[in-house]
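None of the values given here were measured: they were computed from a predicted structure.
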Amino acid sequence: MFFRRLPPILAVLVLAGSVPLASAGSTVVSWPRAATTCQETSPGGVPASFAAPVAMDMGGHSDVTSVAVGALDGRLVAISAGAEHTIRIWDRATLKPIGDPIPGDGPVAYGTVDGRPVILGRSHGALQRWDATTRLPIGGPLPAGRFRAVAFGELDGRPIAAAAGTDGAHVFDLATGRRIGPPIGTRIFSAVALTRVHGVLLVLTGEADAVIAWDPVSGKPVGKPLTLQSEFIQEINTIETTTIGGRPVALIPTADLGVIRWDLVTREATYHSLEGEFGPSSLAVLNGRTVFVSVETVGGIATDPYGSRLRSSIAVIDPATGERVSSFEIPGHVTSLAVGDLGDRPMIVTGGRDNAVRAYDLATGRESAPPATGGPNGDIYGVNGELLGRPIVVAQGNGDDTFPRVWDLGSGRPLDTPVRLPGRITSFATGEYGGRAVLVAGIGLGDSSIRIFDLASRMPIGEPLIGYDGFVNGVALTEADRRALVVGAVDEDDAAGDSSSRGAVRIWDFPSGELLHDLAVGNGPVGQLALIRLVGRPVAVTFSATRARLWDVGAGKRMASFRIAKTERSAPVEIALFDCTTVAIVATGRTVKLYDLATGKQVERPLLGHSKQVNSIASGRVAGVPIAVTYSPQDRSMRVWDLTTSQQVGTLQRPSRYLGSLSISYLDGRAVLVGGGREALWTWDLGPAA
């Protein structure tokens, strides 16, 4: 059974105690209600333009793009850079963070300049030097262009750096920041190394079909280049240099030609000197001999929905003999690797697409410290809530399974530790119980339960709610007839194993855990869940691909069912309050339609403007005006609509990464749009709420 991604609408909550409770009894909500005659008019005031999105602090890396090793103030350290544009320093023995992150990104290199430890990395597209002790920039940015690789070296006793990328290669004196020689080449280089042959410093650059040696002072090629035949165009991302049999050589991992061994004196190349397909690589000394350490790409490794390997194989090979000294597997898709010593034992530090920095003993393949984990993995889905009077976002990546986390919306920073749950989360929502902010989570592919946690203490409240075996597509916490109730929209397998053949809405008493009602959909999956109120009573609404169904939560009865526009998949839905009624905003392809949930009638004011499928919707109020925000990743637009007229009033700048969910919260009197995307949360200031 596959893991279903969290639905675009998780729940619309009315917090317990925030509305007058109906008197005890068995009141049943009648439906349809009388149509309203009120239509809001827009007072205006929605901004004509909006600020750019701001990325929230995810508490660590979102993809580790580069790692390096060295020493800092007598401690062995690892340096890492991530896709979220921070550089971080870790104690290499424990992988505990040292100091605050540095605003920059990779590729990174680490060395010493005039006696102080220096990190090389990228800042605003330029090569930047940072003092690793103070974390402050050293001098101004160095004009290296859009570089992809960087290396430390030494020339005439002076520390230098070579950077290579889309604008050729550049060499700088790191003490003065001055350029050494002219720019090298004009082609796109993806790898760079500094080495010496007969005492002469050379810059080695790698591109798609050649490796070239250059004189850093004159900027001219030295000797014959290594030119690959056109049918063997490679992505050369790594060049390692060593000595084999007393001769200086370059080891060049490739996809099709194994590791090429290039004699830097004779310029003769040995293809497949090491058999295999290799990625990020380094050299180490193991038991007195130099070994080649590399991430090896082997067939049959499972991948996640984004194509990232779930495990990586580390190969340790003697480059002189081709003997495989050892190999071991580690979690995640490793994209960067560095080698250093810990005491008298060699170790490797890795970074990858699972956002984690890891360290392993090279001799045993055992992890030497708990990994330094980064932000959530996969597409992040969030719901709004409140904790200690401040708005928060509870969010989880669909690759993190059991770790929902909490962010303060005002500071944009994560709060404390995540809630740990016993299985994969399929839906979650926030609410209030007994004056406490709580998280309600539906668990699937684990112990099949619904659990509730105090968000402040991260402690469970009550016993797990059971009575299903499948997926919970949506959860909500409400109150009816002076009883706290948990509502779950559940899809289960039938006895023959037909996935999602039985959908149901189930209602539990909380905290006793008693299952009060099991309401079958009758045909197919239950779909998405929202919670509304009609005449002061809680009503659950479920949305499948073709129908909306209303359920009286207190009475435990299905109230109504009506058709909604058919879509290719379960359409994203948002609930809004305007025109004196409750409206479902439903994306049906490129058109967004509105349905009055009190009558089941379509509101004759669709939102028209997108040219492709709308994937996410949010609604709220800006300047007192009911608005909706819609997002289509296919037509690459985010649009803001005045719901009183169904007219577009503005657009929002999209972030660089995909968005999978949108919601609107309120902070200090202002409306804030929160977007969950690929390993990131983004916020937009939409203006004053009232």
Side-chain angles (χ1 to χ4, degrees), residues 8-19 43-59 84 375-376 380-396 404-416 418 428-432 435-439 454-456 574-578 616-631 638-643 649-655 659-677 680-690:
I9 181 171
L10 299 170
V12 176
L13 293 179
V14 179
L15 303 184
S18 63
V19 296
V46 178
S49 60
F50 303 91
V54 176
M56 297 180 72
D57 179 3
M58 301 313 294
E84 80 294 340
I380 297 178
Y381 295 87
V383 294
N384 299 325
E386 189 172 280
L387 180 63
L388 303 177
R390 295 287 291 175
I392 59 172
V393 178
V394 181
Q396 183 209 18
R405 306 185 187 192
V406 181
W407 279 262
D408 178 83
L409 188 60
S411 67
R413 298 182 67 88
L415 298 176
D416 302 325
F428 58 99
T430 60
E432 183 179 309
R436 292 180 286 180
V438 298
L439 170 74
D454 184 309
L455 275 174
E574 173 73 358
I575 303 297
L577 300 174
F578 69 96
S616 302
I617 308 171
S619 68
R621 287 186 177 259
V622 175
V625 180
I627 64 138
V629 178
T630 56
Y631 167 62
M638 296 181 69
R639 301 168 188 259
V640 182
W641 309 83
D642 182 335
L643 290 176
V649 293
T651 60
L652 296 174
Q653 179 182 326
R654 297 179 300 111
L659 290 173
S661 65
L662 295 175
S663 59
I664 291 179
S665 188
Y666 300 94
L667 176 68
D668 299 331
R670 300 187 70 81
V672 178
L673 177 69
V674 180
L681 286 168
W682 304 85
T683 63
W684 291 258
D685 186 333
L686 298 181

*Asks:* CD1 of I392 to CG of D408: how many Å apart, nearest 0.5 Å?
*Replies:* 8.5 Å
*Asks:* Ignoring hydrogens, what is the shortest heavy-atom contact between P655 and W682? Give both atom names and the distance.
*Replies:* CB-CE2, 3.4 Å
*Asks:* Considering all heavy atoms of both residues, which atom of S619 and which atom of A576 are nearest to each other, and what is their separation?
*Replies:* OG-CB, 3.6 Å
*Asks:* Identify the heavy atoms of G59 and P414 that sit nearest to each other, and give their distance.
*Replies:* CA-CG, 3.8 Å
*Asks:* Got a second to check how far L409's CG is from L387's CG, nearest 0.5 Å?
*Replies:* 12.5 Å
*Asks:* Work out which heavy atom in Y666 is nearest to a heavy atom in P391; give both atom names and the distance.
*Replies:* O-CG, 3.4 Å
*Asks:* R621: which residues meet the side chain to side chain donor-acceptor pair (under 3.5 Å) condition with it, sequence neighbours left out?
*Replies:* E40
*Asks:* Which residues satisfy the side chain to side chain donor-acceptor pair (under 3.5 Å) test with W641, sequence neighbours excluded?
*Replies:* T630
*Asks:* What's the shortest heavy-atom distance between S616 and S661, and which atoms?
*Replies:* OG-N, 3.7 Å
*Asks:* Could you measure the distance from the OG1 atom of T683 to the CG atom of L667? Nearest 0.5 Å is fine.
*Replies:* 9.5 Å
*Asks:* Nearest 0.5 Å, please: how far is OH in Y381 from CG in L659?
*Replies:* 10.5 Å
*Asks:* Looking at side-chain heavy atoms only, is the closest gap between N384 and V393 below 4.5 Å?
*Replies:* yes
*Asks:* Which residues pass the side chain to side chain donor-acceptor pair (under 3.5 Å) test with T651, sequence neighbours left out?
*Replies:* none
*Asks:* For S665, what residues pass the side chain to side chain donor-acceptor pair (under 3.5 Å) criterion, not counting sequence neighbours?
*Replies:* none
*Asks:* Would you give the length of the straight line joining atom CD1 of I627 to atom CG of D642, rounded to the nearest 0.5 angstrom?
*Replies:* 9.0 Å
*Asks:* Show every salt bridge (charged side-chain N to carboxylate O under 4.0 Å, His left out) that has at least one partner inside residues 665-677, sequence neighbours left out.
*Replies:* R390-D668, R670-D685
*Asks:* Which heavy atom in M58 sits nearest to a heavy atom in W407, and how many Å separate them?
*Replies:* CE-CZ2, 3.4 Å
*Asks:* Do P43 and V625 touch side chain to side chain, with heavy atoms closer than 4.5 Å?
*Replies:* yes
*Asks:* Which side chain to side chain donor-acceptor pair (under 3.5 Å) pairs, counting each pair once, include a residue from residues 43-56, with sequence neighbours left out?
*Replies:* none
*Asks:* Are I664 and V622 packed together at the side-chain level, in the sense that at least one heavy-atom pair is separated by less than 4.5 angstrom?
*Replies:* no
*Asks:* To the nearest 0.5 angstrom, please state how far the CG atom of L415 sits from the CG atom of L455.
*Replies:* 9.5 Å
